[in-house]
Amino acid sequence: GKNHLSDTDWQSQWRRVALDVRAPTNASAFPAFRIARHFALREYSFIAATKSLPLDATTDYSWLGISSVSALFSAAAAASGSAGSSSASVRAAGMRLLLWAAAAWLAVTAVAGGGEQPLSRIAVERTVLAVDDAAHVKASPLVLGRQGETSEWVDVEFFHPNPSSEDWIGVFSPANFSDAICEPESSRQYPPVLCTAPIKYQFANFNNDGYNKTGKGHLKLQLINQREDFSFALFSGGLMKPKLVAVSNKVAFANPKAPVYPRLAQGKSWNEMTVTWTSGYDITEAVPFVEWGEKGGRRFLAPAGTLTFERNSMCGAPARTVGWRHPGYIHTSYLKDLWPDSPYTYRLGHRLMNGTRIWSKSYSFKASPYPGQDSLQRVVIFGDMGKAEADGSNEFNDFQPGALNTTYQITRDIENIDMVVHIGDICYANGYLSQWDQFTAQIEPIASKVPYMIGSGNHERDWPGTGSFYGSEDSGGECGVPAQTVFYTPAENRAKFWYATDYGMFRFCIAHTEEDWRPGTEQYKFIEQCLSSVDRQKQPWLIFLAHRVLGYSSCAYYESEGTFEEPMGREGLQELWQKYKVDLAFYGHVHSYERTCPVYQSQCVVDASDHYSGPFQATTHVVVGGAGATLSEFTTSKIQWSHFTDFDHGFVKLTAFNHSSLLFEYKKSRDGNVYDNFTISRDYRDILACSVDNCPRTTLAI
């Protein structure tokens with residue numbers, strides 16, 4: 001990214017890394033953080049000394065172990081230890097120190113943070129007007145989706161008479177983005193010129209090698225139907241000090257309010273499928289419904305409920321400020337009394353008040369098997385996928401580097417998949433609401449065809465003072481509202497986000513790690529009830545899932561915590577897993593892949609293998625959070641219970657052949673090939689047999 005930034009922007013970006021980024025509450029305990037802090041101070045002292053970069057007297061530097069600007073200078077001087085060094089030698093080492101410190105910091109933040117939301121890099125509120133009549137931006141075609149398409153490529157041609165490498169193009173929707181009413185930060189300030197972030201951006205010199213000399217450029221950007229029109233704005237001044245130079249003509253979809261991006265999910269009973277979608281139609285404009293039926297059979301109409309939320313439902317910035325964009329209207333219909341394994345077709349509809357019906361294209365799905373049915377059943381599991389842009393925009397094309405590959409591999413194999421479970425950190429919108437639309441568009445080829453079940457993670461829920469178990473700001477002020485609205489889950493309380501769902505021979509118990517799970521809590525009672533209530537004769541494969549690693553992980557972050565798990569994670573749960581003989585436990589949060597041996601109380605009950613047979617011994621724990629987000633490093637220490645690790649993007653596929661045979665496969669997103677696998681062969685009497693800490697009481701009576 002350095003090539004895209006001016007010296008001023010580069011200094012500003014580094015200042016954010018060195019000083020403004022929010023550290024973990026116990027950051028000083030992390031060895032990597034202490035190293036990063038040392039080099040951050042050293043590098044910042046160099047920048048401040050050589051570039052006269054001003055310090056912000058209002059910034060909280062306490063996480064760096066200092067309390068004021070003067071203390072910062074003292075700490076920086078002590079950290080650099082180079083008072084006698086020549087400025088040339090310091091300058092030569094400067095970039096190496098910056099990269100080294102950034103790498104150390106990323107080692108700490110890769111687990112909890114997952115990377116900075118690209119749109120957060122733009123200081124929208126600092127925008128000033130610098131309109132140049134000689135500059136222009138032109139976009140075509142003017143009308144998109146003439147044949148009902150929900151995504152289309154747009155050609156953007158532009159010219160700047162005074163070009164530079166810091167120029168960029170922002171895509172705004174609605175097109176009249178400058179009309180938003182901006183509130184001043186204080187009564188003594190004027191309102192900012194802009195207070196709405198773009199939905200995506202790209203640097204003007206991207207694939208335009210001659211732009212810096214000629215000022216002429218061309219971009220090809222992909223747009224999806226997001227209920228409003230679009231415009232393209234040319235900015236100079238970089239991301240931190242944007243200057244609005246020119247704005248394009250408007251482009252729009254033929255029907256911007258059309259029903260789009262259906263998401264299937266299991267209902268509260270095995271023979272119910274829910275369909276959730278997004279549109280621009282409020283219930284006062286049109287009545288939402290689904291037309292559906294068995295393939296080639298009679299058609300039915302099912303009504304849909306409608307939800308939305310407003311800015312005041314957001315808990316903080318940026319979701320409540322520059323990241324706010326109306327989510328549209330979220331509709332959910334319940335298709336009931338389905339026949340097991342039968343193929344169905346459906347399409348989304350809205351009946352306008354004049355009687356006109358608006359339709360989506362047709363989709364299809366296969367109904368769930370009867371609980372306990374002995375048939376081929378296949379489930380894909382992953383976490384932390386996020387979204388990425390096919391046109392390369394937003395983050396130098398590396399914010400969620402594996403997301404498109406994961407989506408592509410699952411889509412390619414969709415005829416051999418029956419259900420998907422995405423265990424938290426869904427799209428990393430982090431308070432920029434436009435990204436939820438873009439994520440649902442990305443997964444449409446999957447979610448429109450098979451149930452797409454989600455769990456909640458820190459990037460959906462966490463916000464201080466809102467009841468989340470963790471007090472971080474990882475949700476960007478969303479505090480769970482978009483996730484629980486945009487997606488349906490069969491939870492008793494959708495805000496709680498814990499639930500059970502059955503699919504044929506599988507029972508899935510999905511926990512919510514952003515709420516307290518420890519013994520005595522409401523969630524702990526749910527977990528035990530979910531595990532204990534399954535009929536293992538019908539559903540022999542018992543699966544526990546959660547976002548944060550409540551079991552085992554050899555991630556370097558957890559090693560620095562001294563826990564190899566989420567603190568307080570497995571202490572209250574491992575006896576439940578052992579007692580109820582949980583076959584597999586899956587987690588996200590750590591952005592890589594790891595499989596343990598069957599482990600209990602940090603000991604391998606049996607050695608790890610590619611085949612397990614006979615009575616249950618202990619739960620195998622799997623971290624599968626590498627579906628798209630920036631990868632997480634493993635410890636270099638040898639961990640006895642850690643059997644297989646992979647520092648790459650990937651996902652897991654479970655295949656139940658029958659009641660006694662299960663295949664586990666870990667696939668890389670880059671090629672879809674299997675890199676780790678094992679099988680389990682287990683009869684019902686093996687499930688009944690007791691092992692460590694799960695033998696029921698007996699009596700001598702006959």
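Predicted model only: the values in this text are computed from it and were never measured.
- Under the 6.0 Å cut-off for aromatic ring centres, Phe564 and Tyr558 do not qualify, their centroids lying 6.0 Å or more apart.
- Distance check: Ile417 CD1 to Phe651 CZ gives 6.5 Å after rounding to the nearest 0.5 Å.
- Note on Asp676 versus Arg595: salt bridge recorded, some NZ/NE/NH1/NH2 to OD/OE distance being below 4.0 Å.
- Other residues, nucleotides and ligands contribute at most 12 non-hydrogen atoms within 6.0 Å of the NZ atom of Lys525.
- Comment: Arg461 does not engage Asp474 in a salt bridge, judged by the lack of any side-chain N to carboxylate O separation of less than 4.0 angstrom.
- Checked by atom type, the side-chain pair Thr274/Thr332 shows no donor-acceptor distance below 3.5 Å.
- In this pair, His331 and Trp277 present their aromatic rings tilted. The plane angle is within the 30 to 60° band.
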Could you please spell out the steps behind the side-chain hydrogen bond (donor to acceptor under 3.5 Å, both in side chains) verdict for His589 and Asn458?
CA-CA 8 Å; His589 201 54; Asn458 49 303; 3.3 Å; yes
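- Looking at Glu565 and Arg570, a side-chain N of the basic residue comes within less than 4.0 Å of a carboxylate O on the acidic one, giving a salt bridge.
- The six-membered or imidazole ring of Tyr503 lies away from that of Phe508, with a centre-to-centre distance of 6.0 Å or more.
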Yes or no on side-chain hydrogen bond (donor to acceptor under 3.5 Å, both in side chains) for Ser375 and Gln373, after CA distance, side-chain angles and deciding distance?
CA-CA 6 Å; Ser375 62; Gln373 177 178 307; 3.2 Å; yes
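- Residues His621 and Trp577 place their aromatic rings such that the two centres sit under 6.0 Å apart.
- Aromatic pair Phe365/Tyr363: ring centres not closer than 6.0 Å.
- Residues Arg548 and Asp462 are paired through a salt bridge, judged by an N-O separation under 4.0 Å between the basic side chain and the carboxylate.
- Side-chain contact annotation: Ser681 with Ser613, donor-acceptor N/O pair under 3.5 Å absent.
- Salt bridge Lys387/Asp437: absent, no basic N to carboxylate O contact under 4.0 Å.
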Between Arg378 and Asp413, does the salt bridge (charged side-chain N to carboxylate O under 4.0 Å, His left out) criterion hold? Intermediate values first, please.
CA-CA 11 Å; Arg378 302 147 301 185; Asp413 192 38; over 6 Å; no
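- For the 3.5 Å distance criterion, the side chains of Tyr428 and Asp384 qualify, holding a donor opposite an acceptor.
- Interatomic distance, Ser533 OG to Arg507 CZ, rounded to the nearest 0.5 Å: 4.0 Å.
- Partners of Glu594 by salt bridge (charged side-chain N to carboxylate O under 4.0 Å, His left out), not counting sequence neighbours: none found.
- Residues Thr679 and His611 have side chains that bring a donor and an acceptor to within less than 3.5 angstrom of each other.
- Judged purely by distance below 3.5 Å, without hydrogens or angles, the side chains of Lys366 and Ser342 never pair a donor atom with an acceptor atom.
- The only option from His422, Gln266, Glu444 that meets the side chain to side chain donor-acceptor pair (under 3.5 Å) definition with Tyr452 turns out to be His422.
- Under the 30°/60° scheme for interplanar angles, the aromatic rings of Tyr344 and Trp292 are found to be tilted.
- Of the inter-residue distances, the one linking Cys427 atom SG with Glu460 atom CD reads 7.0 Å to the nearest 0.5 angstrom.
- A side-chain hydrogen bond (donor to acceptor under 3.5 Å, both in side chains) check over residues 482-495, counting only residues at least two apart or in different chains, returns nothing.
- Tyr666 and Tyr675 have their aromatic ring centers separated by at least 6.0 angstrom.
- Between the side chain of Thr411 and the main chain of Thr407, a donor-acceptor pair closer than 3.5 Å is present.
- A cation-pi arrangement, defined by a distance under 6.0 Å to the six-membered ring centre and an angle within 45 degrees of its axis, is absent between Arg682 and Phe616.
- By the side-chain contact (heavy atoms from CB on, under 4.5 Å) test, Pro519 is found to be paired with Tyr524, residues two or more places apart in sequence or in another chain being considered.
- For the residue pair Tyr580/Glu528, the side-chain donor-acceptor check at 3.5 Å is satisfied.
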